[in-house]
Amino acid sequence: MSKDRYNFREAEPKWQKAWEEAGYARASEDDDRPKFYVLEMFPYPSGRIHMGHVRNYTLGDVLARYKRARGFNVLHPMGWDAFGMPAENAAMDKGVHPKKWTYDNIAHMKGQLKRLGFSLDWSREFATCDPEYYKHEQAMFLDFMKAGLVERKKSMVNWDPVDQTVLANEQVIDGRGWRSGALVEKRELEQWFLKITHYAEDLLKGLDELKNWPEKVKLMQRNWIGRSEGVRFTFELRDEQGNPWPERLPVFTTRPDTIFGASFVALSADHPIVKALAEKDADIAAFRRECAALGTSEEAIEKAEKKGIRLPLNAVHPFRPDVLLPVYAANFVLMGYGEGAIFGCPAHDQRDLDFARKYGLPVIPVVCPKETPPEKCEIGDEALTDSEGDDLVMINSDFLNGLTPRQAKEEIARRMEEMGIGERQVNYRLRDWGVSRQRYWGCPIPVIHCPKCGVVPVPKEDLPVTLPEDVTFDKPGNPLERHPTWKHVKCPQCGGEATRETDTFDTFIDSSWYYARFCSPKAEEPVDLEKAKYWMPVDQYIGGIEHAILHLLYSRFFARAMKDTGHLHLKEPFAALFTQGMVLHRTYRTESGEWVEPALVGQREDGSLYHIETGEKIIAGAVEKMSKSKKNVIDPENIVEQYGADTARWFILSDSPPDRDFEWTEAGVEGAWRFTQRVWRMINTIADHQPPAERPETFSDAAQGLRKAAHRALKAVTEDIEALRFNRAVARIYELANAISDFLKSHAKDMTADQAWTLHEAARLMVQMFSPMMPHLAEECWQALGQEGLLALRAWPEPEEELLEEDTVTLPIQVNGKRRDEIVVPKSMPNEEIEALVLQRDAVKRAVGDKSVRKVIIVPGRIVNVVAK
RNA sequence: GCGGGCGUGGCGGAACCGGUAGACGCAGCGGACUUAAAAUCCGCAGGCCUUCGAGCCGUGGGGGUUCAAGUCCCCCCGCCCGCACCA
């Protein structure tokens, strides 16, 4: 290879082949070394990899390669999250079968990943749409059923009345179906649920043990689970004539202390009482329809204006029998939480306040800061929601007056229990996981519906229940439902005519246990426990923050369910979690507002932008997440083609901390590209200086300086890689490269033996340091430096301790907190001596002026601050 | 709406546990080399002011704690992520 120009087109395939032949990325359980399981969230096979994948898998690959060099037996597998809606959309739009579309995409993307040089153990690859994978999923579901973790109940879906199809939330746009444009309705269907709430407490407690998870993710999960302690109690209801209603109304509240501030009661529009009343009242029925048009997403419901309708009912205040509270149906009360009914206390809940103001209901403050006189305690536009402060006191509340809200909660709970109308209750926001999907391209749910026997599980020996391939997507709805023969089977129990379940699983199930399958991808059972015991848990999991709640919570749930059914031995699958940021790119538009892809944007001398094909003026827009709709997408394939894998990897690691968003820029890749070329030239220059075979006895000052720089860089880079601070590691490597350049410049002409030796040492260390990031270039450099064998197989170097120490230290000197001077002192200098030295300095004297020195603060090794007044 | 996060030069970022703000890279400017350009190499570089000693201002905005605040506390603004059928 040319010494002037690094040819990645030649080098990259060569080293990829060499690693493969060496079995570099193959993982085996039969190994004495400690194990390390690094896993990145597997991709959906959309067709092409995108920059987000490049970033994700580069982060993981750096760690995998580093850990191998550190003596770990590393498992770094890859697979495909292959079921899901896009395959069906492609079938509808382009007429291609979901299976063909998916497997073609996988083949293409696999090639792309290989060209990026990721050290993945491809022998463990699988796709979740392989019957070999999903048959185990079906088997586990049957075991979950036996263990009582599965339930069948009614729940709401978005229904498109024109397409006669169930819609995903993302397919509902402003309350209308994305294809038909029809107003979406809510519809109740019998569906399968996994009882994640069974583990609510355990999932919450388990978070405390996850020391290497980001606090923000744990906090989000805690809030999602939403444990709350409160009281469930019942109201007596009366109709408009004052006659008692046959049943009492149960409500749940976390704020029983505010009961004397109650000014209304609100029921969910889907509450059985509201449903019953709607039968006889057109207005209530209309209100229910209005609520149904909001769809099923909590976001849409909460964003909507708070609205309600008065029901012909009143509720009797439990402690003031003469007070009747009006009862409403309200759009912000969720049927799925608590009892689907609340009492409203406008003074101390924002939603209740908004509602009360809209309908002219009284706002009675019952909690008041202690220092405020009760008669001055007023509520404006903002409710006073705090109930924990000891500086709060109950007012307007009969026997509660004078207590803190905390005491009042206790007192009310006690009295309600005494009266027999309520009890304390722990409630969770977390709902059971609805896993039924009315779609074709998913894992079939392995049950049969028999008119005589009811729901009958498919016997395990009949698994997998596979998808029929002769299906069409020319009509809306689920092809499994209308397939002529597939669903018709004999009942396994009575042998009579029966039908298969035509719903398939939520694809989140597929991704809730794949990490365990990678331990034994060919096992006869879902997971080979011996192998799982060796590899699990995942030591480092890496993926996007967008999965902070659902995917990660479902996976934690699945591990628990698998443990309880004997399929896994631990509850927490991911020992450490890292959440990467998104990849962004600037957007461009023409003056008429059309998006333009970055490749078509040219820049003139004066900096103005133009369309390179049409010459139109182009306006630069915001830097945003890469998305097809805004055309600000850079295809990794083009980047690898133009610059090679190492440049792409290096750039994506270099600019931003991995957990923050990353802006892809042309200039940035160019910079990374130049660095690869600069390194290659530098290494070849160094190779020309033959080092002595033996390590020199002594080193010149210059050589010693370079050795210190190299070993310090090694220490810093090692720490940065361990902490996944790859951008800092990159900066340290740049610094070392600069130090080596400087050294070469000043000593190239009359290089002594010790200097040549030092140069080679520094060069080897630098190459090793960037080898996890730019593995191909590193191998090529390693060879150029005359080293034998694959660098990938070499142990990570250790810095020499004595080169890391410094005997002097530079201390900045502040006077009253402002930096005025600095001194260089021996590390061992006692504080009194430092103080004396500092006070003699001209700059210090000048800054002190005619004030007198009150104190001198010395932080050893860091700073001196002179306090003068 | 609710929950979570982020905000530092022209740009991406660095700054450990409260201790020199701006490492490193990108872009820029000046110079060398070249017939020329590219590439490469060297140098400069937060802002203001300057009598060239220095000084003042500066980490989204406002307040506070401290000898010392990008970092801790309170309030506000902007952007991003999630909200249970996108993956």
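Chain identifiers are assigned alphabetically (A, B, ...) following the order of the sequence lines, protein sequences preceding nucleic acid strands; residue numbering begins at 1 within each chain.
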Please determine if A/Asp503 and A/Arg437 form a salt bridge, counting it only when a charged side-chain N lies under 4.0 Å from a carboxylate O.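 Result for this pair is no, no salt bridge flagged.
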Sugar-phosphate or base contact per nucleotide [nucleotides 49-57 of chain B; S, B, -; heavy atom under 4.0 Å]: ------SSS
Under the 6.0 Å and 45° cation-pi test, does A/Arg5 pair with A/Trp680?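 No, A/Arg5 does not sit over the ring of A/Trp680.
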Taking the cut-offs as 6.0 angstrom to the six-membered ring centre and 45 degrees off its axis, would you call A/Lys153 and A/Phe193 a cation-pi pair?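 The answer is yes; both the distance and angle limits are met.
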What nucleotide among B/A84, B/G4, B/C24 has an atom nearest to a side-chain atom of A/Leu219?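 Closest of the options to the side chain of A/Leu219: B/G4.
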State which of B/U20, B/C24, B/A87 makes the closest approach to the side chain of A/His547.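 When the side chain of A/His547 is considered, B/A87 is the closest of B/U20, B/C24, B/A87.
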Rounded to whole angstrom units, what separation is found between the CH2 atom of A/Trp433 and the P atom of B/C85?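 It is 10 Å, rounded to the nearest whole Å.
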Rounded to whole Å, please give me the gap between CH2 in A/Trp224 and P in B/C81.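 From A/Trp224 CH2 to B/C81 P: 16 Å.
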Nucleotide N/O of nucleotides 64-74 of chain B paired with protein N/O under 3.5 Å:
unit_1, atom_1, unit_2, atom_2, d
B/C67, O2', A/Asn865, ND2, 3.2
B/C67, O2, A/Asn865, ND2, 2.6

Has the side chain of A/Gln191 got a donor or acceptor atom sitting under 3.5 Å from an opposite partner on the base of B/C85?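 When only heavy-atom distances are counted, A/Gln191 does reach the base of B/C85 through a donor-acceptor pair under 3.5 Å.
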Tell whether A/Glu298 reaches the base of B/C83 with its side chain through a donor-acceptor pair below 3.5 angstrom.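 No.
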Once you measure the plane-to-plane angle for A/His551 and A/Tyr541, does it fall in the parallel (<30°), tilted (30-60°) or perpendicular (>60°) bin?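 Tilted: the ring planes of A/His551 and A/Tyr541 meet at 30° to 60°.
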Name the orientation class of the two ring planes belonging to A/Phe675 and A/Tyr734 (parallel below 30°, tilted from 30 to 60°, perpendicular beyond 60°).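 A/Phe675 and A/Tyr734: tilted rings.
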Identify, with sequence neighbours excluded, every residue that meets salt bridge (Lys or Arg N to Asp or Glu O under 4.0 Å) alongside A/Glu735.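 For A/Glu735 the salt bridge (Lys or Arg N to Asp or Glu O under 4.0 Å) partners, ignoring immediate neighbours, are A/Arg732.
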Does any residue of residues 163-174 of chain A have a heavy atom under 4.0 Å from RNA chain B, and if so, which ones, in number order?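 Only A/Val166, A/Leu167, A/Ala168, A/Asn169, A/Glu170 qualify.
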Could you list all N or O pairs between the protein and nucleotides 8-13 of chain B that sit under 3.5 Å apart?
unit_1, atom_1, unit_2, atom_2, d
B/G12, O2', A/Asp655, O, 3.3
B/G12, O2', A/Ser656, OG, 2.9
B/G13, O3', A/Asn727, ND2, 3.4

Heavy-atom side-chain contact between A/Met109 and A/Ile106 under 4.5 Å: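 When only atoms from C-beta onward are counted, A/Ile106 and A/Met109 do not touch, as no gap falls below 4.5 Å.
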For the P atoms, the ones on B/G47 and on B/U59, what distance do you get once it is rounded to whole angstrom?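 Per the computed distance, 15 Å lies between those P atoms.
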Using atom C1' of each nucleotide, how far apart are B/C17 and B/U66 to the nearest Å?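 Roughly 16 Å separates the two C1' atoms.
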Taking Watson-Crick (N1-N3 plus N6-O4 or O6-N4) and G-U wobble (N1-O2, O6-N3), each under 3.5 Å, can you produce the dot-bracket string of RNA chain B? Use [ ] for crossing pairs and | for inter-strand ones. (((((((..(((......[....))).(((((.......))))).(((......)))..(((((..]....))))))))))))....
Verify whether one side chain among A/Tyr44 and A/Thr128 offers a donor that lies under 3.5 Å from an acceptor in the other.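 No, no side-chain donor-acceptor contact under 3.5 Å.
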May I ask you to verify if any side-chain N or O of A/Asn223 is less than 4.0 angstrom from the OP1 or OP2 atom of B/G82?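 For B/G82, OP1/OP2 do not have a side-chain N/O of A/Asn223 under 4.0 Å.
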